[in-house]
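Presented below is the structure to which this report refers.
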Amino acid sequence: MEYNHKEIESRWQKYWRDNDIYKAEINPAKKKFYVLDMFPYPSGAGLHVGHPLGYIASDIYSRFKRLQGFNVLHPMGYDAYGLPAEQYAIQTGQHPEKTTTENIARYRSQLDKIGFSFDWSREVRTCDPDYYKWTQWVFMQMFNHYYDRIADKALPIERLTERFAASGTEGIDAACSKDLVFTADEWNSWDERRRREVLMNYRIAYQGETMVNWCPALGTVLANDEVSEGVSVRGGHPVEQRVMNQWCLRVSAYAPRLLADMEELEWSESLKETQRNWIGRSEGAEMRFGVKDSDLELEIFTTRADTIFGVTFMVLAPESAYVRRLVTPEHKEAVEKYLDEVKHKTERERQIDKRVSGVFTGAYAINPLTGKEIPVYVSDYVLAGYGTGAIMAVPAHDSRDYAFARHFSLPVIPLIEGADVSEESFDAKEGVMINSEGPELNLNGLQVKEAIARTKQFIEEKGLGKVKVNYRLRDAIFSRQRYWGEPFPVYYKDGIPYLMDEKELPLLLPEVDSYLPTADGQPPLGRAKGWTTPEGYPIELCTMPGFAGSSAYYLRYMDPHNHDALVSREADEYWQDVDLYIGGAEHATGHLIYSRFWNKVLFDLGLVVRKEPFRKLVNQGMIQGRTSFVYRIKDTNTFVSHGLKDNYDVTPIRVDISMVSNDILDTARFRAWRPDFADAEFILEDGRYHCGYAVEKMSKSMYNVVNPDDIVERYGADTLRLYEMFLGPLEQSKPWDTNGIDGVNRFLRKLVGLFSKADLSRHDEMPKEVKKTMHKLIKKVTMDIEAFSFNTTVAAFMIALNELTAAKSDSAAAMEIFTVLIAPFAPHIAEEFWHTLGHDGTVADARWPEWDEAAIKDDTVKYPVSFNGKSRFLIEVPAGTDAKEVERIAMADPAAAKWLEGKTVRKVIVVPGKIVNIVVG
RNA sequence: GCAGGAAUGGUGGAAUGGUAGACACGGGGGACUUAAAAUCCCCUGGCCCUUAUCGGCUGUGUGGGUUCGAGUCCCACUUCCUGUACCA
């Protein structure tokens with residue numbers, strides 16, 4: 001049998017396709033197992049070798065679970081809405097749907113070559129109307145529900161209107177944008193407009209004036225997770241803060257549950273920690289400070305209630321509504337000037353500029369515990385979006401307050417014994433309190449933690465404030481001023497938003513003549529002709545963000561062609577949740593939060609049975625590029641080999657890795673690469689030009705992209721799959737290095753060789769040594785796959801092959817075990833073997849073998865004999881020899897005498913099966 | 001700053017507290033060949049002894065500790081990666 005990977009792979013891929021081998025159906029007689037990959041955004045660049053890493057791992061696991069007898073759901077689809085397609089459309093005028101469809105076709109052909117066991121009959125695309133119908137539908141459910149904190153779940157908005165009509169806000173605790181208090185009489189006296197405005201304050205999908213990240217270059221708002229360090233994650237454009245009327249999702253209502261329910265998930269600790277930070281729970285107190293000569297009260301949030309005696313000033317965020325109400329006439333001009341300055345700074349400028357800035361409002365607050373007057377400032381170091389947008393400043397124990405106090409020469413009162421605050425603040429929450437005595441409360445002598453508790457208790461008793469848990473997690477901004485996304489099923493009557501009828505879904509994305517905003521600054525949908533309801537009411541012009549379509553796709557895969565529901569009850573109850581989810585860690589604060597939120601809303605509505613969508617999650621590492629460099633001697637066209645470059649003044653230049661093999665440059669191809677290198681000269685080392693290398697992101701501009709198609713063409717999909725797994729631990733980032741691939745390919749060719757030499761007609765019992773090899777292999781492979789340790793599994797196959805070759809085994813039984821074990825990794829060649837062994841059909845229907853522990857046991861046990869822990873020699877004893885006897889044999893060994901010369905034996909330790917350690921003095 | 005993770009040969013990486021460096025790449029040597037490729041065999045952490053064998057010493061970022069025994073556990077530190085940050 002010759003190893004012709006092209007012929008074998010195309011033949012078996014066709015067989016799988018023609019016979020629907022990987023089609024999954026509900027089968028109550030079998031246990032389900034749901035393996036999901038994060039579906040890709042089909043970019044124009046196609047796949048590079050890094051993309052399939054996670055898909056290969058999930059495919060191995062799916063095939064393994066199937067061989068173990070599970071009914072495996074392993075679907076794939078496309079996250080098809082997104083910014084690059086739209087920007088390409090703006091540049092070229094091509095409809096994003098056209099480029100997206102083309103990119104999907106390219107992705108599909110690349111994926112198909114790798115031999116995945118996806119059930120393509122369940123494919124979803126987020127831009128498909130049959131799919132986004134349900135994205136729109138869930139949005140409508142969110143609009144029609146509010147979060148009831150007493151029931152601790154989402155409830156229909158009608159329930160709220162009934163309660164308002166009966167008893168106003170009395171006894172209601174609902175997640176809302178703004179705390180409202182009104183009576184039933186008031187509610188009943190309001191017209192529809194007013195009532196709708198009030199309800200908007202409670203809806204889970206709501207429209208509101210909020211501070212948003214506005215990106216002028218992209219012409220759209222962005223969610224918090226789409227902005228990093230003040231610039232957009234996609235494109236790196238500056239982002240500024242603006243107040244705009246936007247659709248939002250009340251994710252913050254779910255913060256406590258998103259935090260608590262994470263505990264039972266099998267996710268990596270680092271990923272959980274990232275989510276915990278993002279959710280950002282902090283316990284503290286909300287307190288009210290009176291204002292001098294005013295009946296206004298300033299509400300602040302603090303986690304350090306104990307430092308109340310050290311408050312020497314107050315600070316408001318520039319966007320705080322308090323500012324304009326507090327400012328005194330003589331300070332008005334200066335404050336307005338400051339607010340104007342701040343407004344024109346972008347978020348990035350605000351972050352980079354760490355200089356202290358701010359201005360006095362002229363107002364004084366009253367410390368409720370001491371009665372002292374303290375000045376109120378405005379400064380941009382206080383954020384409007386967190387807590388109440390106002391703080392009590394304690395310069396002695398907060399570094400930011402300290403910097404502000406020093407700049408404005410405000411007093412600094414130390415509150416902790418021994419804290420030196422002459423140079424910097426003392427931020428640690430430890431020590432004994434001092435200077436903290438007022439008429440009603442004395443904290444002196446208490447530890448910080450005790451003082452915090454004592455103060456909280458005091459302010460609650462006195463009604464000065466309340467204990468409060470704050471979350472950093474903000475509501476998700478859900479509008480995008482873009483074309484290529486899901487339209488909102490919303491129209492406006494007299495400026496009030498109304499939902500369309502469910503029967504009108506999907507609301508199709510309309511055609512436009514250009515993908516740019518309109519002349520008067522409306523989103524692209526403003527160009528759509530007839531973008532109104534039949535009655536002539538205008539339809540919402542924004543579209544939904546990228547995460548809308550990716551938030552429930554795992555549910556749609558369960559029942560992708562259902563026209564009556566997102567997912568039928570039957571399909572949901574059978575498939576339940578994703579057992580294994582594989583994808584990148586970069587989605588920790590975006591998709592993985594939104595998806596969990598989305599699922600919880602559906603759970604509250606009784607539409608899904610699981611409160612968490614992804615039980616186990618594995619983050620595959622990134623595969624980086626390995627860039628090759630040549631070194632040009634300055635001002636010449638002479639290139640010097642890597643080992644000699646330090647003798648010259650050189651400029652490193654990236655070269656296309658296709659011209660480099662094992663770091664040796666193909667100089668002829670290099671000369672042909674670019675005209676200016678045509679007459680290049682080389683200074684060689686031992687006759688060859690050695691390139692240098694660096695690990696960088698894999699990208700076209702670095703000339704280091706490796707296309708999986710090329711690897712499959714040359715070595716075959718099975719080699720690619722094995723090699724990607726052999727590269728290193730799945731979760732670790734590592735550079736792609738084509739150099740090592742020969743070893744894996746050689747292994748497969750040797751395996752084929754072994755098969756062709758074996759006498760497969762003999763089905764008698766395996767020889768003892770062979771049996772041991774195979775059962776060791778079964779155990780190792782089974783346990784390694786469960787532990788996602790695929791790199792050591794591949795090594796185990798190589799070792800087993802070497803042992804079989806050495807044993808000159810021609811046992812059909814051994815070959816059969818090998819075939820099934822390797823089927824998840826190298827499915828094509830396994831099919832070929834399966835067929836050669838005389839089976840019909842597909843190896844996917846085989847049974848995963850179980851190992852026999854007795855067959856693995858050794859007859860003899862080797863003990864390293866060590867002196868004081870240092871190994872010196874080996875002894876071999878029959879298995880099961882008792883410890884005393886092992887000790888006797890070790891001591892009697894001639895080698896022992898040499899080590900014992902002139903020493904006294906203090907102690908002998910025999911660990912059965914492990915070691916004999918002789919402690920000598 | 002904070003949080004999480006990592007550090008082992010020339011390289012990627014193996015090692016339930018028990019013979020460190022599996023497996024592979026790269027390198028060296030040899031066989032086959034007119035030659036090359038392919039294939040096969042041997043060697044390959046460093047240092048030292050020896051004609052050679054046999055052997056010895058040393059070695060998992062640094063410094064301590066626990067233990068009969070530490071790459072592995074504990075403490076401190078250094079460096080790197082990832083995430084996050086005026087979050088009061």
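Each chain gets a letter, A, B and so on, in the order the sequences are listed, and its residues count up from 1. All values derive from a computational prediction rather than experimental measurement.
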Kindly point out which of G13(B), U84(B), A88(B) is positioned nearest to the side chain of Arg472(A)?
U84(B)
Measure from the side chain of Met798(A), starting at C-beta and using heavy atoms only, and say which of C87(B), A24(B), G55(B) lies closest.
A24(B)
Test log, rule salt bridge (charged side-chain N to carboxylate O under 4.0 Å, His left out), inputs Arg626(A) and Glu696(A)
CA-CA 6 Å; Arg626(A) 193 174 184 280; Glu696(A) 298 176 308; over 6 Å; no
Provide the distance between the two [atom1] atoms, one in [N] and one in [M], to the nearest whole Å.
{"N": "U62(B)", "M": "U79(B)", "atom1": "P", "result": "15 Å"}
{"N": "G46(B)", "M": "A70(B)", "atom1": "P", "result": "24 Å"}
{"N": "G59(B)", "M": "A20(B)", "atom1": "P", "result": "12 Å"}
{"N": "A22(B)", "M": "U33(B)", "atom1": "P", "result": "33 Å"}
{"N": "G26(B)", "M": "C75(B)", "atom1": "P", "result": "42 Å"}
{"N": "U60(B)", "M": "C73(B)", "atom1": "P", "result": "16 Å"}
{"N": "C43(B)", "M": "G21(B)", "atom1": "P", "result": "15 Å"}

Please report the distance, rounded to the nearest Å, between [atom1] in [X] and [atom2] in [N].
{"X": "His397(A)", "N": "A88(B)", "atom1": "NE2", "atom2": "P", "answer": "17 Å"}
{"X": "Leu722(A)", "N": "C23(B)", "atom1": "CG", "atom2": "P", "answer": "17 Å"}
{"X": "Ile909(A)", "N": "C68(B)", "atom1": "CD1", "atom2": "C1'", "answer": "3 Å"}
{"X": "Glu269(A)", "N": "G5(B)", "atom1": "CD", "atom2": "C1'", "answer": "11 Å"}
{"X": "Glu803(A)", "N": "C23(B)", "atom1": "CD", "atom2": "C1'", "answer": "12 Å"}
{"X": "Trp899(A)", "N": "C57(B)", "atom1": "CH2", "atom2": "C1'", "answer": "10 Å"}
{"X": "Lys780(A)", "N": "A14(B)", "atom1": "NZ", "atom2": "P", "answer": "10 Å"}
{"X": "Ile741(A)", "N": "U11(B)", "atom1": "CD1", "atom2": "C1'", "answer": "16 Å"}

Looking at Trp899(A), does the NZ or CZ of Arg872(A) lie under 6.0 angstrom from its six-membered ring centre and within 45 degrees of the ring axis?
yes
Would you jot down, in residue-number order, the residues of residues 272-280 of chain A having a non-hydrogen atom under 4.0 Å from RNA chain B?
Glu273(A), Thr274(A)
Can you tell me which stems involve RNA chain B, if a stem is defined as three or more consecutive Watson-Crick or G-U wobble pairs, both distances under 3.5 Å?
B:1-7 with B:78-84, B:10-12 with B:23-25, B:26-31 with B:39-44, B:45-48 with B:55-58, B:61-65 with B:73-77
Pair of N/O donor and acceptor under 3.5 Å linking C40(B) base with Arg746(A) side chain
no
Closer than 3.5 angstrom, by distance alone: can the side chain of Lys272(A) be matched with the main-chain N or O of Glu263(A) as a donor-acceptor pair?
yes
For Asn704(A) and Lys697(A), indicate whether the former's side chain and the latter's backbone hold a donor-acceptor pair under 3.5 Å.
yes
Mind checking side chain to side chain donor-acceptor pair (under 3.5 Å) for Lys780(A) and listing every partner two or more places apart, or none if nothing turns up?
Asp784(A)
For Phe818(A) and Phe755(A): C-alpha separation, side-chain torsions, deciding distance, then whether ring-ring contact (aromatic ring centres under 6.0 Å, His included) applies.
CA-CA 10 Å; Phe818(A) 213 119; Phe755(A) 257 81; 7.6 Å; no
